[in-house]
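What follows is a short report on a single structure.
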Amino acid sequence: MSESIEDARPDDPAEMPADDAIAADDESEPDPAPEPEPEPTQDSEPADSREAVLLLGSGELSRELALAFQRLGAAVVAVDRYYAPAHRVADRSAVIQMNDADELAALIERENPQYVVSESGVIAADALIEVAERGDTEVLPTPRAIRISQDREGLRRLASDELGLPTVPFWFAGSVEELTAVAGHAGYPLLVKPVVGELREGQSVLLRADDVEPAWERAVTAGRVPHNRVLAESVVEVDHQITLLAIRTTGPAGPNVQFCEPIGHRHAGGDVLESWQPQHLPPTALDAAKSIAARIVNSLGGRGVFGVELLVAGDDVYFSDVRVRPHDSGLVTLRSQRLSEFELHARAILGLDVDTIMISPAAAEVTYSGGDTEAGDGVKPNVKAVLAEALATSESDVRLFGGPDESDSRRRLGVAMATAPDVIVARDRARRVGAALRKLW
């Protein structure tokens with residue numbers, strides 16, 4: 001047990017060492033009384049004067065974001081409903097139910113951070129509205145953006161009805177019977193999604209009438225937020241599915257939106273997400289994509305990275321969804337850009353300059369739990385040998401995710417990355433790295 005200097009010093013002069021005692025006897029005058037300590041004032045600096053950022057959601061992506069904030073001198077408070085990856089690197093942490101408004105409000109009042117940052121799709125948005133109205137804490141990107149991003153119906157109404165953004169034909173249904181009627185009107189195939197939860201979580205493609213009821217059950221039971229409505233979309237032939245990262249900042253000249261190079265992506269079998277940057281688009285389509293992204297991002301407001309999901313068919317571009325935080329398709333920016341999506345998000349939130357410079361074409365493969373990614377023979381692979389094989393590919397890199405993320409049933413296991421002079425070679429390299437890496441699971 002450590003002890004203070006005062007605890008170590010003997011109180012009885014008789015117990016003092018001889019040299020100390022002689023020195024004390026030779027002193028002709030006693031030491032002057034110590035000056036009293038100044039009383040603390042309200043202007044005194046706290047023990048930790050760093051700006052505090054409270055992250056609501058502490059999965060693997062939040063871990064990268066926490067490190068980005070800390071490198072810029074901020075203190076990070078990581079929050080989630082379980083002991084999550086970002087807790088391991090944060091300055092402080094908390095485990096709460098983030099969709100419990102009272103519990104969330106109490107935590108924010110206790111921590112009193114400068115910034116509250118949404119990194120989850122399950123947050124009590126009403127509590128954040130009250131926090132923002134008090135004016136001493138910024139909620140980012142904005143409480144309204146957080147609330148709308150958690151409601152696919154509200155987001156689609158905003159995009160289509162209020163902003164007039166082009167979308168594929170869509171409908172909402174509140175029962176199996178309503179979904180059956182929508183399918184009869186719209187025809188097949190039809191894409192069905194829950195109105196809440198992560199993108200692609202609980203979604204199905206209807207090919208026939210018998211698919212309606214299973215698709216309904218899959219959608220309304222997805223995620224951790226009770227709901228009884230679904231979004232149905234016509235399936236259209238597209239050339240590309242892209243994520244356009246839009247970084248919104250504010251300054252003396254007002255808000256500004258910058259764009260990264262388009263990121264192409266596709267899902268392979270549901271358990272692997274492949275993404276690459278840049279995705280070449282015709283000039284007309286690229287201009288349309290930036291216009292759509294700027295309009296939805298400026299409507300949501302605030303600061304940070306927004307991942308705008310778009311469908312591209314020739315020169316036509318359709319709005320699909322938007323995330324108000326970094327996400328999986330943007331992991332490729334860890335290697336493709338000077339500043340990753342996490343560094344861009346942290347800089348924008350802290351009010352610092354950003355740039356979207358791409359330094360190399362790159363590709364990434366994210367592997368998720370489920371399907372054939374789980375080892376079935378019980379034999380533990382040699383991690384070092386697997387990594388050696390994966391990293392033998394030129395210009396390659398990996399990230400291994402050791403713990404659960406925001407979903408207990410489906411979580412990220414790892415990401416394989418590679419750069420190259422062109423995106424075709426980068427994709428081939430990332431596939432080879434990913435194939436080797438998946439031997440771990």
Side-chain angles (χ1 to χ4, degrees), residues 60-61 64 121 168 191 193 198-201 203 205 233 235-247 259-282 285-286 288-290 292-293 296 305-313 316-337 340-342 344 356 358 360-368 370-371 373 397-399 401 405 410-420 422-435 437-438:
E60 283 293 349
L61 302 190
E64 295 288 337
V168 299
L191 184 62
K193 308 175 183 178
E198 292 294 332
L199 191 63
R200 296 183 182 85
E201 184 179 20
Q203 76 176 28
V205 177
E233 292 180 332
V235 176
V236 298
E237 291 292 330
V238 298
D239 301 319
H240 311 290
Q241 299 180 53
I242 71 166
T243 300
L244 190 60
L245 295 181
I247 302 88
F259 302 99
C260 299
E261 292 291 330
I263 298 171
H265 56 78
R266 71 178 189 92
H267 278 262
D271 297 321
V272 176
L273 168 67
E274 181 191 9
S275 61
W276 56 91
Q277 187 187 32
Q279 170 60 64
H280 174 74
L281 299 179
L286 181 58
K290 290 181 177 179
I292 291 170
I296 191 69
V305 167
F306 297 77
V308 183
E309 301 295 324
L310 302 165
L311 306 175
V312 182
D316 296 325
V317 181
Y318 305 97
F319 171 80
S320 178
D321 211 328
V322 62
R323 300 183 178 99
V324 298
R325 59 188 186 275
H327 213 264
D328 295 38
S329 56
L331 282 167
V332 68
T333 62
L334 287 168
R335 283 293 166 264
S336 61
Q337 297 188 169
S340 72
E341 63 174 347
F342 308 104
L344 290 170
T356 58
M358 192 185 77
S360 173
E365 279 196 358
V366 185
T367 300
Y368 303 90
T373 59
D397 197 3
V398 301
R399 294 285 191 279
F401 300 149
D405 209 283
R410 176 179 168 83
R411 60 185 179 89
R412 304 170 186 89
L413 299 175
V415 58
M417 295 172 284
T419 56
D422 63 72
V423 76
I424 295 175
V425 177
R427 290 178 68 181
D428 180 66
R429 288 175 175 175
R431 288 176 186 140
R432 280 187 276 147
V433 177
L437 206 60
R438 281 190 287 279

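- The shortest side-chain heavy-atom distance between Leu344 and Cys260 falls under the 4.5 Å cut-off.
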* Asked: Please walk me through it: do Glu365 and Arg438 pass salt bridge (charged side-chain N to carboxylate O under 4.0 Å, His left out)?
  -> CA-CA 10 Å; Glu365 279 196 358; Arg438 281 190 287 279; 3.0 Å; yes
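- With values rounded to the nearest 0.5 angstrom, Tyr318 atom OH is found 10.0 Å from Ile292 atom CD1.
- Residues Arg325 and Gly121 come closest through the heavy atom pair NH2-N, 3.6 Å.
- The CG atom of Leu281 sits 6.0 Å away from atom NE2 of His240, with the distance rounded to the nearest 0.5 Å.
- Between the Glu341 side chain and the His327 main chain, a donor and an acceptor come within less than 3.5 Å of each other.
- Between the side chain of Arg429 and the backbone N or O of Thr419, at least one donor-acceptor pair lies under 3.5 Å.
- The shortest heavy-atom contact between Ala420 and Ala426 is CB-N, 3.4 Å.
- The two residues Val433 and Ala416 have their closest heavy-atom pair at CG1-CB, 3.4 Å.
- Looking only at distances, a side-chain donor or acceptor of Gln277 sits under 3.5 Å from a matching main-chain atom of Glu261.
- Looking at heavy atoms from C-beta onward, Leu61 lies in side-chain contact with Asp328 at the 4.5 angstrom threshold.
- When all heavy atoms of Ala430 and Ala364 are compared, the closest pair comes out as CB-N, 4.1 Å.
- Smallest separation of non-hydrogen atoms from Ala293 and Val308: CB-CG2, 3.8 Å.
- Looking only at side-chain heavy atoms (C-beta outward), Arg412 and Tyr368 come within less than 4.5 Å of each other.
- Checked options Leu245, Leu244, Leu331; the residue passing with Ile263 is Leu245 (criterion: side chain to side chain contact (heavy atoms under 4.5 Å, CB included)).
- At a threshold of 4.5 Å between non-hydrogen side-chain atoms, the residues Gln241 and Leu311 count as touching.
- Counting heavy atoms from C-beta on, the side chains of Phe401 and Leu413 never come closer than 4.5 Å.
- With rounding to the nearest 0.5 angstrom, the NZ atom of Lys290 is 7.0 Å from the CZ atom of Phe259.
- In this structure, CD on Glu233 lies 5.5 Å from CG on Leu191, to the nearest 0.5 angstrom.
- Within the 4.5 Å cutoff, side-chain heavy atoms of Ser329 are placed close to those of Glu309.
- Without hydrogens or angle criteria, Ser275 side chain to His265 main chain gives no donor-acceptor distance under 3.5 Å.
- Between Glu60 and Arg399 there is no side-chain heavy-atom pair separated by less than 4.5 Å.
- Going from atom CG of Asp316 over to atom CG of Leu310 covers 12.5 Å, rounded to the nearest 0.5 Å.
- Here the side chains of Thr333 and Phe342 are not in contact, with every heavy-atom distance at 4.5 Å or above.
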